[in-house]
Visitor: 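One structure coming up, written as structure tokens, with questions to follow.
Keep in mind the model is a prediction, meaning the values are calculated, not measured. Letters A, B, ... are given to chains in the order of the sequence lines, protein chains preceding strands, and every chain is numbered from 1.
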2 protein chains.
Amino acid sequence: MKDTVKKKRNNLSASLEDYLEAIFNIAGESEVVRSKDIAECLGVAKPSVTRALKILAKKGLVNYQPYGYVTLTKSGIAEAARVAKKHEVIKSFFVDVLGVDARAAHDAACRTEHALGAAIISRLLGFTDFVNKAGRNGYDIAKEFRKFHKSRHRGKNR
Amino acid sequence: MKDTVKKKRNNLSASLEDYLEAIFNIAGESEVVRSKDIAECLGVAKPSVTRALKILAKKGLVNYQPYGYVTLTKSGIAEAARVAKKHEVIKSFFVDVLGVDARAAHDAACRTEHALGAAIISRLLGFTDFVNKAGRNGYDIAKEFRKFHKSRHRGKNR
DNA sequence: CATTATAGTTAGCCGCACCTAACTCTGTCA
DNA sequence: TGACAGAGTTAGGTGCGGCTAACTATAATG
């Protein structure tokens, strides 16, 4: 059985995943990660960040000590990358396949990334790749869909 | 500007949307809707249902009086149908396009349906229709994707 | 080196959404 | 018709994840 070799699940809440992802993103841009940056990035007050950091530290995902900079642990990086990847996969699908504008796609991805498991994400990634690849083989699925969608909208309004 | 004619938003939490959807689904099967049915359907305890019903009643979405059967108001039906439709659109996409099995698709749809707005849902519905239609025009996108996905998986494991 | 602005923390409150325990109502059946 | 099972409610507790107010630590500046 698969369950006999079940991996230790971190079981993060959506909110904690958001904090982890924010730290990951900031770290990729700004050399150091400050509590304040996280708060701004997520639009929450500073005490919320402090509490989240303590919890993430207890779970071994961030290196945290009071008044210090924040860094991700090895497993924190892995976990954050996993979440960020989901975000990216979902957003790409919305943009490249559905033709949603980048801003709306980003927002929707933020809300959706915590709800989809690895299996569906893998298929979604595969599908987006497939669509992009198919475009290079003559039949451009995304382009054809855009036509389809537009004509359907016209039909609706008249 | 669009905002000048902004509609009154009900602004239901994900949880309340779940209650509403459950009532809608039960009503479509069982003549009368009992508090207990809702509790079983959602896997929550009965007091949770009582509280949710009071809130939904205050919002004018259900007709509720203590110890009575539950019915949806007109706007409750509209709102519930909207949520149920989202669920259906998402699930269909997972099943018909991505080839996910029905059970997993249902579960994922439950978690995703509160996160996607009308615009993306509309595009997703359109896309699923497009894929289904394209199958009848010679190039079966879903089928081709399944091949693509399988071969990619083979490549991964060896 | 003292001052002061700013970053970070602590303490404590609130709302949401779940729960259990215990009570009340209702409909059935002997 | 009265007792009882089961449905529904009330009361009150919990955890999460926000918040503000007030305190403390750090770092920059004269």
Visitor: Compare every heavy atom of B:Ser75 with every heavy atom of B:Leu61, then report the nearest pair and how far apart it is.
Guide: CD2-OG, 3.6 Å
Visitor: From CD1 of A:Ile55 over to P of C:dT10, roughly how many Å is that when rounded to an integer?
Guide: 13 Å
Visitor: Judged by modelled atom types alone, do B:Glu88 and B:Ser92 share a side-chain donor-acceptor pair under 3.5 Å?
Guide: yes
Visitor: When the distance from OH of A:Tyr19 to C1' of C:dG8 is rounded to whole Å, what number comes out?
Guide: 14 Å
Visitor: Of the listed nucleotides (D:dT26, D:dG8, C:dT10), which one gets closest to any side-chain atom of A:Lys54?
Guide: C:dT10
Visitor: Could you list by number each residue of residues 32-51 of chain B showing a heavy-atom separation from DNA chain D of less than 4.0 Å, or answer none if no residue does?
Guide: B:Arg34, B:Ser35, B:Lys36, B:Lys46, B:Pro47, B:Thr50
Visitor: Given C:dG8, is OP1 or OP2 found less than 4.0 Å from the side-chain N or O atoms of A:Tyr69?
Guide: no
Visitor: Can you check the B:Lys58 NZ to C:dG15 P distance for me, whole Å?
Guide: 12 Å
Visitor: Over how many whole Å does the gap from A:Tyr64 atom OH to C:dA7 atom C1' extend?
Guide: 12 Å
Visitor: Rounded to whole angstrom units, what separation is found between the CG atom of B:Leu16 and the P atom of C:dG15?
Guide: 16 Å
Visitor: So that I know where these two stand, are B:Tyr64 and B:Tyr69 an aromatic pair - ring centroids less than 6.0 Å apart?
Guide: no
Visitor: What's the CG-P distance between A:Asn11 and D:dG15, to the nearest Å?
Guide: 17 Å
Visitor: Do B:Phe24 and B:Tyr19 have their ring centres less than 6.0 Å from each other?
Guide: no
Visitor: Without decimals, in angstroms, what is the distance between A:Gln65 CD and C:dT9 C1'?
Guide: 15 Å
Visitor: So, for B:Leu53 and B:Ser35, which heavy atoms are closest and what is the spacing to 0.1 Å?
Guide: CD1-OG, 4.2 Å
Visitor: Can you see if the side chain of B:Ser15 gets near the phosphate of C:dC16 - specifically, an N or O under 4.0 Å from OP1 or OP2?
Guide: no
Visitor: Can we say B:Arg111 and B:Asp107 salt-bridge, meaning some charged N sits less than 4.0 Å from an Asp/Glu carboxylate O?
Guide: no
Visitor: If only side-chain N and O atoms count, and only distance matters, is there a donor-acceptor pair under 3.5 Å linking B:Asn63 with B:Thr71?
Guide: yes
Visitor: Choosing from C:dT9, D:dT9, C:dA17, which nucleotide comes nearest the side chain of B:Tyr67?
Guide: D:dT9
Visitor: How many whole angstroms separate atom CG of A:Leu12 from atom C1' of D:dG15?
Guide: 16 Å
